[in-house]
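Just so you know, these numbers use all the heavy atoms, side chains as well, and skip hydrogens, waters and symmetry mates. Just so you know, ligand 1 is whichever comes first in the structure, and atom 1 is the first atom listed for that ligand.
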Amino acid sequence: MPDQTPMKTIAKIAVPAPLFGLFDYKISQQQQLSITPGCRVKIPFGRKSVTGVVVQTASHSDFPDSRLKAIEQLIDETPVLSAELLKLLEWAAGYYQHPLGDVIATALPKLLRQGLPPEVKGDTVWQLTEQGKTTTADELGRAPRQASLLTLLQQDRAALNSEQLNALSENWRPAMQGLVKKRLVETRELPCLMLADAARQPAPALNIEQQAAVAAVSQLFDQFHSFLLQGITGSGKTEVYLALVEQMIERGKQVLILVPEISLTPQLTRRFQQRLTVPIAAMHSGLNDRQRLCAWSMARENRTQVVIGTRSALFMPMPELGLIIIDEEHDGSLKQQEGFRYHARDLALVRARNNNIPILLGSATPSLETLNNANRGQYQQLHLTQRASNARPPRIHVLDVCRRPLEDGISDILLAQIQQHLKQDGQILLFLNRRGYAPLLMCHACGWTTDCPRCDAHMTLHHHSQRLQCHHCGHERAAPEQCPECSAEELYIPGAGTERIEQALNRHFPDTLISRIDRDTTRRKGALHDKLEQARTGEAKILIGTQMLAKGHDFPNVTLVGILDTDQGLFSADFRGTEHMAQLIVQVAGRAGRATKPGEVFIQTHHPEHPLLQTLLNQGYEGFARAALAERQTAQFPPFAYMTVLRCAAPQKQSSMQFLHDARSLLARLPTTGVEIFGPLPAPMERRAGRFRAQLILQSTERKALHNLLNQWVPQLSKLKMANRVRWSVDIDPQNMY
Ligand code: ADP
Ligand code: ZN
Ligand code: ZN
């Protein structure tokens, strides 16, 4: 029977540019049979030739034939984007109101965007065949070198690469070739995967709560179902992940694990390597472009069953995907804050639903969004309430620092505590989310302060370099010795950052190893790793750190935690300020007393009576979350409303406001029923890096109403008169209101 469907002569192509819409190109007769959605093509675009991705094929274009250009070259025989991923990306482009071409560019490794082939060759690894696994070394009696190599491989190693073999054995190649010839060993190309660790660690026996959590998920392995695993720090969430991953591997399935911070992945991946027998793809910023592409193609060919990575690993091609795990689901870094502003957790839920597979969100301090979904019955809640290994929860004290001597930011009480814990051979972790020496310099005589010329912000004093630095725009200059306004000689240095705390403690405890962990001390490659190692082993007795220290690290020796400044979070301009502060306190406090030593936590504040702080201390994170959710509901803030921000920045305040006013005028002709509009209003920090920033907020209790409006409104924004003269962006479900 002849095919009656009309010929697909038109390809609708997404180009890697911030332009809405797909572009029509002619498909040649030759290309007819092989071109399918998800394939890359070379096309003429403007005056350049670019790599685009075919999204649809059609038999008709709205443009006359004479205006259509032909596809120069079809790059792929098989699509680089599976139908599954293409569907997810199309959905994301629609939901986040972002051009599909740019969305696809975010999802593809750079070398694929440049048109390179997806297959990568690299290092070889040697591994046992089935026959090799059952052959004993004795059977190779007459070839002792082969026998010893076989024994090496049988010692619980999944596979060895040449580097590892060189370390273990001299001149191993001839013997290895012999084993390959005898079909006891086979080679594989695995240049980018982390191989299972030789030092295998047996899994601990799971406690009852862990067992219940694992059972609940594995019961629903073959369908879409969302779980929230809420477990205090150290309660063994990672063990639950590991048990589920093992089960999935057993079933021949793939698992995707998203983690928030790269500093967190080495420890986590190591634990996976020590437990699992399969190679793992770890997607982190340390990979080069080739390794990234390699991991991508290994996942696509199901040659790695486990992918661990940060936010963008969400887009890894995984044909046998069976489970998604999001660790620390509350973490802000899961949201991309520029360009394609997606939330990896929210998109992961969509991917799980599309694939009809379970998804597990884990956290000690779930986001209010997630808790609300759990309360509404959308997510099944699993609890881990006990600390594994019998560590007791820490005791928390609030330190009212009003009218107390605060020497360089540390109260006398906390100093005494540090001394005592040092004496008892404890380890101390001090948390302060402000790097540098002091947040500003000030003149006592005239009130002059070190304002950044380009931002509504002070410049931070860095003592070591004797420079002032703006942490918002990077502007720098030498610190003045006297007041530039009135020439007074004495400048006052209020407040403290991590550098000042470090100096003060060095004075008090000159014989103690103190380690400061912030962006300034970890710039050198490998520095963070070394410092974390020093902290983990207990060699460094006092740790001072910013946010970097708050996340996921396991410091088993910490007995005392001091949170030096909580007041910023209590009085933030952002409605999520208190939520973030509470999460931080609980996460940092969770670092204390993880192993056998009970911990103590001191929170320095000028507002010990603050109701949210009190709720947090008396009723824990869950009590806090209940109260905070009730507040959000009354105020009709997310998660009880859906929000979108149109942000604008320009050198002239006038231009920013003009663009937003014009954008608002457009709304007058659109169906805004059920949508509230606020602004244009100046941003909380109005001037940043020399630009005036303002925003227009759209909010609705009905997602549909809001998105219907956005679908009509956003495409018109780029046609506004001011659109090319200002910087603007649309942020759906914004996580920060700065
Ligand atoms: P979380 O991910 O919730 O912070 P982890 O999984 O890292 O917790 O567990 C904390 C510590 O307790 C780890 O050292 C881990 O090896 C140990 N642990 C976890 N579960 C068990 C268990 N069932 N028995 C013994 N030790 C456990
Ligand atoms: Zn002065
Ligand atoms: Zn600045």
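Using a distance-only test at 3.5 Å, with no hydrogens or angles considered, a donor-acceptor pair links the side chain of Thr450 to the main chain of Leu441. A donor-acceptor pair is defined here as one N or O able to donate and one able to accept, closer than 3.5 Å; no such pair exists between the side chain of Arg691 and the backbone of Arg454. Side-chain N or O atoms of Gln469 include none that pairs as donor or acceptor with a backbone N or O of His475 at under 3.5 Å. Between the side chain of Glu209 and the backbone N or O of Thr385 there is at least one donor-acceptor pair closer than 3.5 Å.
With a heavy-atom cut-off of 4.0 Å, Ala364 does not touch ligand 1 at all. By the criterion of a heavy-atom distance under 4.0 Å, the side chain of Pro204, and not its backbone, is placed next to ligand 1. Contact annotation for Thr238 and ligand 1: heavy atoms of both the backbone and the side chain come within less than 4.0 Å of the ligand.
In this view, Gln254 and Asn302 satisfy the side-chain hydrogen bond (donor to acceptor under 3.5 Å, both in side chains) rule, not counting sequence neighbours.
Electrostatic pairing of Glu686 and Lys653 counts as a salt bridge here, judged by a charged N lying under 4.0 Å from a carboxylate O.
Screening the protein for N, O or S atoms under 2.8 Å from the Zn ion (ligand 3) yields 4; no waters enter the count. Protein-derived N/O/S atoms nearer than 2.8 Å to the Zn ion (ligand 2) total 4, waters excluded.
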Candidate pair Arg270 and Gln274, rule side chain to side chain contact (heavy atoms under 4.5 Å, CB included), full reasoning: CA-CA 6 Å; Arg270 245 180 73 84; Gln274 288 173 338; 2.9 Å; yes

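Within 6.0 Å of the CD atom in Gln654, the count of heavy atoms belonging to other residues, nucleotides or ligands does not exceed 12.
By the 4.5 Å heavy-atom criterion applied to side chains, His458 and Pro439 are not counted as neighbours.
The ligand atoms of ligand 1 that sit less than 4.0 angstrom from a heavy atom of Ser235 are 3 (O), 8 (O). Per-residue contacts place Gly236 under 4.0 angstrom from the following atoms of ligand 1 (heavy atoms of the residue considered): 1 (P), 3 (O), 5 (P), 6 (O), 8 (O), 9 (O), 19 (C).
The shortest non-hydrogen separation linking Leu206 to Gln210 is CA-OE1, 3.4 Å. In this structure, Ala344 and Leu258 approach most closely via the heavy-atom pair CB-CD1, 4.0 Å.
The stretch residues 580-589 participates, sequence neighbours left out, in no salt bridge (charged side-chain N to carboxylate O under 4.0 Å, His left out) pair at all.
Ring centroids of His462 and Tyr437 are separated by 6.0 Å or more, keeping the two rings apart.
Heavy-atom proximity to atom 7 (O) of ligand 1, evaluated over Lys237, Glu239, Arg271, is greatest for Arg271.
Note on ligand 1: Gly231 sits outside its first shell, no heavy atom being nearer than 4.0 Å.
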